[in-house]
Visitor: 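This is the structure I have questions about; it appears just below.
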Amino acid sequence: MTSDEETCAPPLVMRVEQPEHPVAAAVEADAATAARRYRHYTVRGPLFGVAAQCPRNPDRWEVVCPVTDGSGQQARDRLHSSLFFRAKDDIEDPDQRRRLVRGIAVLEKEAVDELVVDDVRYRVVRADEFFYLDDDGPETARPTDPQPARPDWDRGGREPEPDEGHVIDHTAASGVMAGAERLALLDLAYRAESYPAQVRLESERALETHPGVVLLPPSFRVVERCPGGWEMTAGPFATAHAARSFLYGALKLTFPMLLDLDADEKAEYVRIAEEWRSRGEGNRVQVGEKEYSIARIGRLMRIGPDGPEGPRPSDRDPHGPMRMHPRMDDDGTLHYDDEEYPADL
């Protein structure tokens with residue numbers, strides 16, 4: 001530990017190193033080019049997921065449900081289903097299954113932000129979604145962003161989830177540009193008068209309670225140009241190709257159906273879709289008066305002394321906890337009745 005690190009609060013520790021590997025150096029050069037071009041950013045709002053504390057290193061948290069949900073309850077529902085299918089399909093030991101079922105029973109009734117299940121500490125985590133812009137629109141995919149080895153345009157294969165296998169470690173060394181970006185975003189908060197007072201207050205308070213920041217891996221969305229800016233259409237996706245593939249299918253099938261086009265108009269959409277696919281790595285497409293773009297999305301997570309920030313009181317849930325799956329016995333037997341789990345489970 002350096003003398004500088006000894007004077008910093010743990011969440012503010014940041015290690016930066018010059019890249020030596022050629023790929024890392026290319027990523028660094030890409031980031032520098034993007035920083036010169038895209039000088040503005042806009043914050044879209046919070047996203048939520050679930051992370052599990054790494055048992056051998058409590059300062060590290062592994063993302064177990066991607067940070068892509070629009071509410072904390074949606075993330076709880078993902079954890080709920082994850083525990084259920086693990087207990088149903090992957091567990092042989094009745095005692096271990098019972099421990100998982102206890103967690104499921106809690107999630108059916110309580111909007112908890114932390115839960116210990118089978119000695120694993122789970123937390124609903126929060127990140128602010130943002131993207132960079134220049135005068136012509138949002139930042140698009142960078143040449144060094146990850147892409148699948150064999151691009152699938154028909155969406156028949158499995159696409160990776162955003163954050164798949166990602167470990168949140170705010171002390172891990174990063175490149176110079178990534179470190180500079182984190183420093184620049186340390187004071188990101190909701191300050192505009194258009195936000196409710198409580199949202200602004202909690203956002204400012206988070207700068208003190210969770211002073212550190214980490215950036216999750218980039219994700220990608222399909223966005224549409226609108227009179228007031230750019231509107232999210234789909235995503236987030238783990239790769240730019242997944243976003244392009246979604247847009248291909250939407251242009252070919254979904255949009256013509258939703259817009260109730262005639263035969264000639266549908267044929268034009270199909271033509272544009274096939275042209276889009278043939279471009280391979282395109283980022284913008286014009287369809288009549290509509291313009292779509294692939295946007296590179298950033299997600300900033302705040303870190304405090306006890307790890308990643310969870311939901312704030314002003315973060316609203318569209319619904320509460322509910323029963324989502326059949327009741328399960330210790331031996332894995334499922335019951336499709338209305339009975340609840342016993343209180344002394």
Visitor: Could you tell me if the side chain of Arg302 sits less than 4.5 Å from the side chain of Val213, heavy atoms only?
Guide: yes
Visitor: Linking I/L/V/M/F/W/Y whenever their side-chain heavy atoms sit closer than 4.5 Å, directly or via other members, would Leu247 and Met232 fall into one cluster?
Guide: no
Visitor: Would you check if Asp306 and Arg123 make a side-chain contact, meaning some heavy-atom pair closer than 4.5 Å?
Guide: yes
Visitor: Are any side-chain N or O atoms of Arg78 and backbone N or O atoms of Val50, one a donor and one an acceptor, separated by less than 3.5 Å?
Guide: no
Visitor: Side-chain heavy atoms nearer than 4.5 Å, only ILVMFWY residues, links allowed to pass through others: does that put Val67 and Phe130 together?
Guide: no
Visitor: Give a yes or no on whether the backbone of Ser71 and the side-chain of Asp69 come within a donor-acceptor separation of less than 3.5 Å.
Guide: no
Visitor: For the side chain of Asp163 and the backbone of Val63, is there at least one donor-acceptor N/O pair under 3.5 Å apart?
Guide: no
Visitor: What I'd like to find out is whether the side chain of Val223 reaches to under 4.5 Å of the side chain of Pro138, using heavy atoms alone.
Guide: yes
Visitor: As an exercise, state the distance from CZ of Arg102 to CG of Leu115, rounded to the nearest 0.5 Å.
Guide: 12.0 Å
Visitor: Would you indicate whether the side-chain heavy atoms of His80 and Ile104 approach each other to under 4.5 Å?
Guide: yes
Visitor: Are Phe246 and Phe237 near enough that their ring centres are under 6.0 Å apart?
Guide: yes
Visitor: For salt bridge (Lys or Arg N to Asp or Glu O under 4.0 Å), just list the numbers for Arg76 and Glu110, CA-CA rounded to whole Å, side-chain angles, deciding distance to a tenth of an Å, and then say yes or no.
Guide: CA-CA 10 Å; Arg76 294 180 202 106; Glu110 301 179 37; over 6 Å; no
Visitor: Take the angle between the ring planes of Phe84 and His325 and call it parallel below 30°, perpendicular above 60°, tilted in between.
Guide: parallel
Visitor: Side chains of Gln53 and Tyr122: do they bring a donor and an acceptor to under 3.5 Å?
Guide: no
Visitor: Looking at CG of Leu133 and OH of Tyr41, how far apart are the two atoms once the value is rounded to the nearest 0.5 Å?
Guide: 12.0 Å
Visitor: Is a side-chain donor or acceptor of Asp330 paired with a backbone partner of Pro94 at a separation under 3.5 angstrom?
Guide: no
Visitor: In a check of side chain to side chain contact (heavy atoms under 4.5 Å, CB included) between Arg60 and each of Thr171, Asp169, Ile168, which one passes?
Guide: Asp169
Visitor: Could you measure the distance from the OH atom of Tyr195 to the OG atom of Ser314? Nearest 0.5 Å is fine.
Guide: 11.5 Å
Visitor: Any side-chain heavy-atom pair from Asp77 and His319 closer than 4.5 angstrom?
Guide: yes
Visitor: Under 4.5 Å between side-chain heavy atoms, hopping through other hydrophobics if needed: is there a path connecting Trp153 to Ile272?
Guide: yes
Visitor: Do Leu185 and Leu215 touch side chain to side chain, with heavy atoms closer than 4.5 Å?
Guide: yes
Visitor: Do Phe255 and Tyr292 have side chains that get closer than 4.5 Å, going by heavy atoms?
Guide: yes
Visitor: For the side chain of Glu28 and the backbone of Met177, is there at least one donor-acceptor N/O pair under 3.5 Å apart?
Guide: yes
Visitor: Is there a donor-acceptor pair closer than 3.5 Å between any side-chain N or O of Arg284 and the backbone N or O of Thr140?
Guide: no
Visitor: If only atom types and distance count, is the side chain of Asp145 paired as donor or acceptor with the main-chain N or O of Arg142 below 3.5 Å?
Guide: yes
Visitor: For the pair Glu274 and Tyr248, evaluate side chain to side chain donor-acceptor pair (under 3.5 Å) and give the outcome as yes or no after the intermediate values.
Guide: CA-CA 8 Å; Glu274 295 300 340; Tyr248 167 69; 2.8 Å; yes
Visitor: Under 4.0 Å between a side-chain nitrogen and a carboxylate oxygen: does that hold for Glu139 and Arg37?
Guide: no
Visitor: Is a donor on one side and an acceptor on the other found under 3.5 Å between the side chain of His241 and the backbone of Asp152?
Guide: yes
Visitor: Is it true that Arg271 and Glu275 have a side-chain N and a carboxylate O under 4.0 angstrom from each other?
Guide: yes
Visitor: If you measure from CZ on Arg221 to CH2 on Trp230, what distance do you get to the nearest 0.5 Å?
Guide: 15.0 Å
Visitor: Applying the 4.5 Å side-chain criterion to the ILVMFWY set and letting contacts propagate, would Val124 and Val214 be lumped into a single cluster?
Guide: no
Visitor: Could you check Glu129 against Arg44 for salt bridge (Lys or Arg N to Asp or Glu O under 4.0 Å), going step by step and ending with a plain yes or no?
Guide: CA-CA 5 Å; Glu129 185 181 38; Arg44 179 175 180 269; 2.9 Å; yes
Visitor: Can you get from Met301 to Leu186 by hopping between Ile, Leu, Val, Met, Phe, Trp and Tyr side chains that sit under 4.5 Å apart?
Guide: no
Visitor: Taking NZ, NE, NH1 and NH2 as the nitrogens, is one of them in Asp315 or Arg312 under 4.0 Å from a carboxylate oxygen of the other?
Guide: no
Visitor: Return yes if some donor-acceptor pair links the side-chain N/O of Arg97 with the main-chain N/O of Ala87 below 3.5 Å, else return no.
Guide: yes
Visitor: Between Arg244 and Glu281, does any NZ, NE, NH1 or NH2 come within less than 4.0 Å of an OD or OE carboxylate oxygen?
Guide: no
Visitor: Measuring only between side-chain heavy atoms, which start at C-beta, is Arg126 closer than 4.5 Å to Pro308?
Guide: no
Visitor: Does the pair Glu291/Arg225 count as a salt bridge with the N-to-O cut at 4.0 Å?
Guide: yes
Visitor: Within the side chain of Gln96, is there an N or O that forms a donor-acceptor pair under 3.5 Å with the backbone of Asp118?
Guide: no
Visitor: What is the distance from atom CZ of Arg323 to atom CG of Leu107, rounded to the nearest 0.5 Å?
Guide: 14.5 Å
